[in-house]
Asks: 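The structure is given below, and queries will be raised subsequently.
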Amino acid sequence: MPGIIGQGAIIADFIQKLGLDRPLLVGHSLGGALSLAVGLDHPHLVRALALIAPLTQPLEQVPESFRGLARIPSGARLAFAQVLGTPLSRLTAKKTLEGVFAPEAVPEDFITRGGGALSARPIAIAAAAADLAGANDDVTAMVGRYAEIGLPVRILFGRQDAILDPAWNGHRTAAVIPGG
């Protein structure tokens, strides 16, 4: 599984293959980091970046809701996900979702209509663990380049975001992006 920068390249390739005319790229959470990767390495392909509660800075510690994923050893990710991932995710889903949506309530239909059940698939668990494990390396490499971004970038955070610190991932990042 490619890291953030590699996934950004995949998104850039997808934009080209679809023949999109410099779309507004919107990224939420880890998707914000992916959007930044596209904006840094393929700025000619996008018009602007809209980042919603994005991961933009290295994590000093893994948010509590994702610590279980962080504990899965890299060599055992797929096997763990196939054998234990789905049952464990169902046992911890209530607490995890409460943490992810805090301070708001979890939408009643998130598991079904919101697609939340898809995250309990073994392949999704293994991929999320891999993304989490490699996120800091790519984000650390990107941080030093934020001043190079020549695209319009807007960052939106909830003041009480329980997963990513708005000051660290929002204000700090916006301060170094020209026009951010």
Side-chain angles (χ1 to χ4, degrees), residues 1-11 25-41 49-78 80-81 84-85 88-89 92-104 106 110 115-116 118-149 151 153-177 180:
M1 163 75 54
I4 291 169
I5 294 169
Q7 290 179 52
I10 292 169
I11 292 168
L25 194 56
V26 179
H28 170 252
S29 194
L30 182 64
L34 297 174
S35 295
L36 284 165
V38 175
L40 285 165
D41 293 336
L49 304 178
L51 310 177
I52 304 166
L55 171 66
T56 65
Q57 300 288 329
L59 293 171
E60 292 180 352
Q61 64 179 0
V62 175
E64 184 179 343
S65 296
F66 300 111
R67 288 193 186 136
L69 284 174
R71 292 185 186 114
I72 303 171
S74 62
R77 279 188 196 121
L78 191 54
F80 176 89
L84 297 172
L88 284 176
S89 69
T92 61
K94 184 177 187 305
K95 182 179 177 188
T96 299
L97 290 175
E98 286 172 352
V100 168
F101 281 94
E104 302 296 323
V106 178
F110 177 72
L118 296 172
S119 67
R121 296 174 305 147
I123 194 69
I125 293 167
D131 284 345
L132 183 60
N136 267 1
D137 292 341
D138 280 353
V139 170
T140 298
M142 292 166 40
V143 166
R145 298 182 55 212
Y146 289 161
E148 299 171 17
I149 296 176
L151 301 166
V153 177
R154 295 297 178 261
I155 301 173
L156 176 67
F157 256 101
R159 287 187 187 107
Q160 298 173 329
D161 192 296
I163 300 296
L164 296 171
D165 178 21
W168 181 248
N169 287 280
H171 299 291
R172 180 183 179 104
T173 301
V176 297
I177 295 175

Asks: Flag the pair Tyr146 / Val153 as yes when at least one side-chain heavy-atom distance between them is below 4.5 Å, and no otherwise.
Replies: no

Asks: Measuring from Gln57:CD to Met142:CE, what's the distance to the nearest 0.5 Å?
Replies: 10.0 Å

Asks: If you measure from OG1 on Thr56 to CG on Asn169, what distance do you get to the nearest 0.5 Å?
Replies: 4.0 Å

Asks: Under 3.5 Å, is there a donor-acceptor pair linking the side chains of Asp138 and Gln7?
Replies: no

Asks: Do any side-chain atoms of residues 61-78 form donor-acceptor pairs under 3.5 angstrom with protein atoms, and if so which ones, sequence neighbours left out?
Replies:
residue, atom, partner, partner atom, Å
Glu64, OE2, Lys95, NZ, 3.3
Arg67, NE, Val62, O, 2.8
Arg67, NH2, Val62, O, 3.2

Asks: Search all heavy atoms of Asp41 against all heavy atoms of Arg145 and return the closest pair with its distance.
Replies: OD1-NH1, 2.7 Å

Asks: Can you measure from CG (Leu55) to CG (Asp165) and round to the nearest 0.5 angstrom?
Replies: 12.0 Å

Asks: Indicate the atoms forming the closest heavy-atom contact of Gly116 with Ser119, along with that distance.
Replies: O-OG, 2.7 Å

Asks: Which pair of heavy atoms, one from Pro54 and one from Gly32, lies closest together, and at what distance?
Replies: CB-CA, 3.8 Å

Asks: Roughly how far, to the nearest 0.5 Å, is the CD1 atom of Ile177 from the CD1 atom of Ile155?
Replies: 5.0 Å

Asks: Looking only at non-hydrogen atoms, find the nearest pair between Pro166 and Asp161 and report the distance.
Replies: CG-CB, 4.2 Å

Asks: Answer yes or no: is there a side-chain heavy-atom contact under 4.5 Å between Ser89 and Ile125?
Replies: yes

Asks: Could you tell me whether the side chain of Trp168 and the main chain of Pro58 form a donor-acceptor pair under 3.5 Å?
Replies: yes

Asks: First locate atom CG of Leu59, then atom CG of Leu164, and finally report the distance between them rounded to the nearest 0.5 Å.
Replies: 6.5 Å

Asks: State which residue, out of Ile4, Val139, Leu132, fulfils the side chain to side chain contact (heavy atoms under 4.5 Å, CB included) condition with Leu30.
Replies: Ile4

Asks: From Leu34 CG over to Ile10 CD1, what is the distance, rounded to the nearest 0.5 angstrom?
Replies: 9.5 Å

Asks: Could you give all pairs that pass the side-chain hydrogen bond (donor to acceptor under 3.5 Å, both in side chains) test and reach residues 27-37, with sequence neighbours left out?
Replies: none

Asks: Can you name the nearest heavy-atom pair linking Ala37 to Gly8, along with the distance?
Replies: CB-CA, 4.3 Å

Asks: Can you find a heavy atom in the side chain of Pro122 that is under 4.5 Å from one in the side chain of Phe80?
Replies: no

